[in-house]
Number of protein chains: 2
Amino acid sequence: MSAEPLPRQVGHPLPDELRLTEVLHALADPLRLSIVATLADSGAELSCSAFHLPVTKSTSTHHFRVLREAGLVRQRYEGTARMNSLRREDLDAVFPGLLASVLASAKQ
Amino acid sequence: MSAEPLPRQVGHPLPDELRLTEVLHALADPLRLSIVATLADSGAELSCSAFHLPVTKSTSTHHFRVLREAGLVRQRYEGTARMNSLRREDLDAVFPGLLASVLASAKQ
DNA sequence: TGGTTGGTACGATAATCAACGTACAACGAT
DNA sequence: ATCGTTGTACGTTGATTATCGTACCAACCA
């Protein structure tokens, strides 16, 4: 018997916990790279379902978790939806210029 | 900047064949990232054995092949040694700023 | 000629990973 | 209360990967 309902929340790495190889690995997947590029283009929070990814829901959950655990995206709940946003400031602070060059390279 | 064609006999991708996700995947391994960083620091050709990697020869061969097939390093034979050099110009032309930001991020 | 050096080829193994389906949970609306 | 929406948890499968050992090859040297 649980006393109180635990708030739904997930672990985000702090800026000083970001690992370059983990970030690169997260970006080294076409689907995840497209997610990051879409977030960067929109500049806003987007729900997982807003991406219309060509995979099932469970696979989508997997990819968003990889991105979150690498520190690339921030996630928070809004109703039933999970809103995703790019951690651009944190990434720019720790890995200056990295995100910009990756996004520029992905654009062509 | 000679227009000399790359030696194709060992399977080097041409500049327009470079794939961003493949490059990121090649860099998303600590050992391979250290190889690239060492090559960038030295600015010269280095034999495989010059890196003193904490893996066996066959594993070393594997990692250098991944780097070559992703287009990150150029390899040529010199006697029994295989000399490796960074394809910095090619990478900068196709993915401007990418290598620089990765190397800068890897340095700290 | 034979040994040493530097690297490759091949095969094996254990780990990781992307993808799926099913079941379920949280929330909002009916 | 039930239903639809949205996403998670769990277990599985097939592919890829990092690692190794052994055997081998090609070039140089004594």
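Chain letters run A, B, ... following the sequence lines, proteins first and then strands; every chain starts at 1. These numbers come from the heavy atoms of this one structure, side chains and all, not from hydrogens, waters or symmetry mates.
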Any salt bridge (charged side-chain N to carboxylate O under 4.0 Å, His left out) involving residues 41-54 of chain A? Give me the pairs, sequence neighbours left out, ordered by first then second residue.
A:Asp41-A:Lys107, A:Glu45-A:Arg76
Base, sugar-phosphate or nothing for B:Thr61? Non-hydrogen atoms, less than 4.0 Å.
base
Considering all heavy atoms, the nearest A:His12-A:Val73 contact:
CD2-O, 3.6 Å
Provide, to the nearest angstrom, the distance between the CD atom belonging to A:Glu78 and the C1' atom belonging to D:dT6.
13 Å
Nearest to side-chain heavy atoms of B:Arg65, which nucleotide of C:dA9, C:dA26, C:dG6
C:dA9
Summarise how protein sits on nucleotides 19-24 of chain D as a single string, 5' to 3': B when a protein heavy atom is under 4.0 Å from the base, S for sugar-phosphate-only contact, - for no contact.
BBB---
Rounded to the nearest angstrom, tell me the gap between atom CZ in B:Arg76 and atom C1' in C:dG6.
15 Å
Looking at DNA chain D, which of residues 20-27 of chain A put a heavy atom within less than 4.0 Å of it?
none
How long is the line joining CD of B:Glu69 and C1' of D:dT17, in whole Å?
13 Å
When the distance from CZ of B:Arg82 to P of D:dA26 is rounded to whole Å, what number comes out?
14 Å
Taking only residues two or more places apart in sequence, or in another chain, which ones meet B:Thr80 in a side-chain hydrogen bond (donor to acceptor under 3.5 Å, both in side chains)?
none
Considering non-hydrogen atoms only, spot the tightest contact between B:Leu18 and B:Gly71 and give its length.
CD2-CA, 3.7 Å
Whole angstrom value for the distance that separates P of C:dG6 from CG of B:Leu53:
14 Å
Could you list the residues that satisfy side-chain hydrogen bond (donor to acceptor under 3.5 Å, both in side chains) with A:Ser101, not counting sequence neighbours?
B:Ser101
Would you kindly give the OH-to-P distance between B:Tyr77 and D:dA26, to the nearest whole Å?
10 Å
I'd like to know whether A:Val102 forms a side chain to side chain contact (heavy atoms under 4.5 Å, CB included) with A:Val36, so could you lay out the CA-CA distance, the side-chain angles of the two residues, the decisive distance to 0.1 Å, and finally the verdict.
CA-CA 10 Å; A:Val102 169; A:Val36 171; over 6 Å; no
Listed partners of B:Ala44 passing side chain to side chain contact (heavy atoms under 4.5 Å, CB included), at least two apart:
B:Ser42
CG on A:Asp29 to CG on A:Leu67, rounded to 0.5 Å:
8.5 Å
Those residues of residues 35-48 of chain A lying under 4.0 Å from DNA chain D by at least one heavy atom:
A:Ser47, A:Cys48
Do you know the tightest heavy-atom contact between B:Asn84 and B:Ser47?
ND2-C, 3.9 Å
Quiz: residues 19-26 of chain B side-chain donor-acceptor pairs under 3.5 angstrom, not counting sequence neighbours:
residue: B:Arg19; atom: NH2; partner: B:Thr21; partner atom: OG1; Å: 3.3

Which part of the nucleic acid, if any, lies within reach of A:Phe64 when heavy atoms closer than 4.0 Å are counted: base, sugar-phosphate only, or nothing?
nothing
Applying side-chain hydrogen bond (donor to acceptor under 3.5 Å, both in side chains), can you list everything that pairs with B:Ser85, at least two apart in sequence or on another chain?
B:Arg74
How do A:Met83 and B:Gly79 order along DNA chain D: which one's closest nucleotide is nearer the 5' end?
A:Met83
Quick one: bend of the helix from C:dT1-D:dA30 to C:dT30-D:dA1 from 5 pairs per end, to 10°?
10°
All pairs passing ring-ring contact (aromatic ring centres under 6.0 Å, His included) where residues 57-85 of chain B contributes a residue, at least two apart:
B:Phe51-B:Phe64
Excluding sequence neighbours, so at least two apart, what forms side-chain hydrogen bond (donor to acceptor under 3.5 Å, both in side chains) with A:Asp90?
A:Arg87
Length of the CZ-P vector between A:Phe51 and D:dT6, whole Å
14 Å
Without swapping roles, check the side chain of A:Arg68 against the backbone of A:Gly11 for a donor-acceptor pair under 3.5 Å.
yes
B:Arg32 side chain near D:dA18 phosphate (N/O to OP1/OP2, under 4.0 Å)
yes
